[in-house]
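Counting begins at 1 with the first residue of the sequence. First listed ligand is number 1; within each ligand, the first listed atom is number 1.
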Amino acid sequence: MHRKNYIRNLKKEIQELKEKRNAVILAHNYQRPEIQDIADVLGDSITLSLKAKEINKDIIVYCGVDVQADIAKILNPKKIVLLPDINAKCTMALMLYLKDLKKAKEKYPNSQVLLYTNSPIEMKGYVDRLTTSANIAEVAGRMKTDTIVWASDIHMADYVAEKSGKKVIPISEEVVCPVHNQLSLDDLMDAKERHLQAEVLAHPECLSEIRKKAKHIASTEGILNYCKKSNTNEFIIATENGLLYRLKKEIPNKKFYPASETAICQPMKAITLQRVRDSLKEMKYQVEIPKHILDKAREAIEKSGW
Ligand code: CIZ
Ligand code: SF4
């Protein structure tokens with residue numbers, strides 16, 4: 001079959017199955033263009049999961065990585081949440097271990113633990129507070145402690161310290177998002193030389209030397225909103241490059257350039273049209289979270305104020 005027909009048929013099948021199952025498709029801003037095109041809602045993890053609460057559908061198809069689909073389930077416990085590909089696992093979350101978190105907590109008994117959403121489910125059932133990239137400053141700032149044990153990316157640990165003025169102790173010096181960690185200052189300076197008028201916008205997972213060059217630091221949704229409102233017409237985007245598709249589509253009169261051509265998250269791209277179709281057809285892979293973890297994680301989210 002001609003490729004165009006194949007894709008058109010797949011999209012039609014997805015649409016029909018979506019209606020039959022009474023489902024909504026959520027897609028993270030790092031998803032492939034064709035997945036962004038079929039999504040009912042696009043966004044960062046907090047936008048997607050909070051919007052899903054307001055949508056009266058039985059099933060959520062979560063196009064993103066496993067650890068973000070967990071948040072959708074925690075906030076929508078009565079709905080069925082489907083992750084279309086079991087291999088869509090955040091590489092950074094795979095570097096995190098509950099035993100390292102417990103060790104840090106023992107070493108700093110007066111601390112509170114702050115966890116980033118991209119983390120294993122058993123850790124979400126253990127912590128005091130949970131944050132996404134969109135609300136770090138607020139959540140960290142509201143914590144009634146001077147010492148935060150930070151259970152995630154070391155570059156974000158620096159960012160949390162800068163934003164909150166608190167002592168931030170990462171549970172391991174080795175945890176990074178490989179996609180943002182490989183985005184070098186050399187790459188960024190090359191992009192700046194090619195696009196002299198462009199403003200740099202960066203994600204908090206970037207190295208501090210990249211963040212220092214940025215006009216604005218925000219989650220992917222924050223970057224999109226900033227570009228919509230700004231009087232500037234050209235931007236260099238320092239994050240995973242899936243976001244550029246959405247920026248170009250929703251803001252066609254402005255120009256967007258990647259800070260690095262190689263900032264691509266493979267697990268995010270594991271979700272394909274075929275996987276979404278199969279997911280709706282076979283009701284797989286359902287996100288299941290033990291009740292005690294789900295309750296504890298929801299409590300941490302409520303205490304965090306989102
Ligand atoms: O969309 C973002 O900013 C990322 C990468 C994480 C999140 O919080 O969804
Ligand atoms: Fe995980 Fe990094 Fe991919 Fe985000 S970009 S899903 S933090 S590996």
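- Those atoms of ligand 1 that come under 4.0 Å of a heavy atom in D44, given as number and element, are 1 (O), 2 (C), 9 (O).
- Side-chain contact between E299 and K303: present, with at least one pair of heavy atoms (C-beta onward) separated by less than 4.5 Å.
- In terms of N/O distances under 3.5 Å, ligand 1 is approached by T220.
- Remark: distances from the non-hydrogen atoms of E221 to ligand 1 are all 4.0 Å or more.
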### Task
Using the salt bridge (Lys or Arg N to Asp or Glu O under 4.0 Å) rule, take D278 and K281 through it: C-alpha gap first, then chi angles, then the decisive distance, then the call.
CA-CA 5 Å; D278 293 349; K281 208 170 173 177; 5.5 Å; no
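- Polar contact with ligand 1: present for H28 (N/O pair, distance under 3.5 Å).
- Considering all non-hydrogen atoms of both residues, T145 and N110 come closest at OG1-O, 3.6 Å.
- Counting heavy-atom neighbours within 6.0 Å of K255 NZ, excluding the residue itself, gives a total of 12 or less.
- For the residue pair N76 and S49, the shortest heavy atom distance occurs at ND2-O, 3.5 Å.
- Within ligand 1, counting atoms from 1 as listed, the ones closer than 4.0 Å to a heavy atom of T132 are 8 (O).
- Residue D146 places its CG atom among 12 or fewer non-hydrogen atoms of other residues, nucleotides or ligands, all under 6.0 Å distant.
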### Message
Show, in sequence, the C-alpha distance, side-chain angles and deciding distance for K12 and E16, and conclude whether the salt bridge (Lys or Arg N to Asp or Glu O under 4.0 Å) test is met.
### Response
CA-CA 6 Å; K12 192 163 158 272; E16 285 165 5; 3.5 Å; yes
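- Of all the heavy atoms of E240, none lies under 4.0 Å from any atom of ligand 1, so neither backbone nor side chain is involved.
- Close contacts of ligand 1 with Y30, meaning ligand atoms under 4.0 Å from a residue heavy atom, involve 5 (C).
- In summary, the atoms of ligand 1 found under 4.0 Å from a heavy atom of S219, numbered by their order in the structure, are 3 (O).
- In terms of heavy-atom proximity, T132 sits nearest to Y116 at C-CE1, 3.7 Å.
- Summarising the geometry of V24 relative to I55, their closest heavy-atom pair is CG2-CD1, 4.0 Å, with the distance given to 0.1 Å.
- Take a cut-off of 2.8 Å around atom 2 (Fe) of ligand 2: the protein N, O or S atoms inside it are C177 SG.
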### Task
Assess whether ring pair (Phe, Tyr, Trp, His ring centres under 6.0 Å) is satisfied between H203 and H180, documenting all intermediate values.
CA-CA 8 Å; H203 194 273; H180 290 87; 5.0 Å; yes
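- With a 6.0 Å radius and a threshold of 12 heavy atoms from other residues, nucleotides or ligands, E282 has its CD atom above the threshold.
- Nearest non-hydrogen protein atom to atom 9 (O) of ligand 1 is S45 N, 2.7 Å.
- Ligand 1 has an N or O atom lying under 3.5 Å from an N or O atom of S133, backbone or side chain.
- Considering only non-hydrogen protein atoms, atom 6 (C) of ligand 1 sits nearest to Y116 OH, 3.3 Å.
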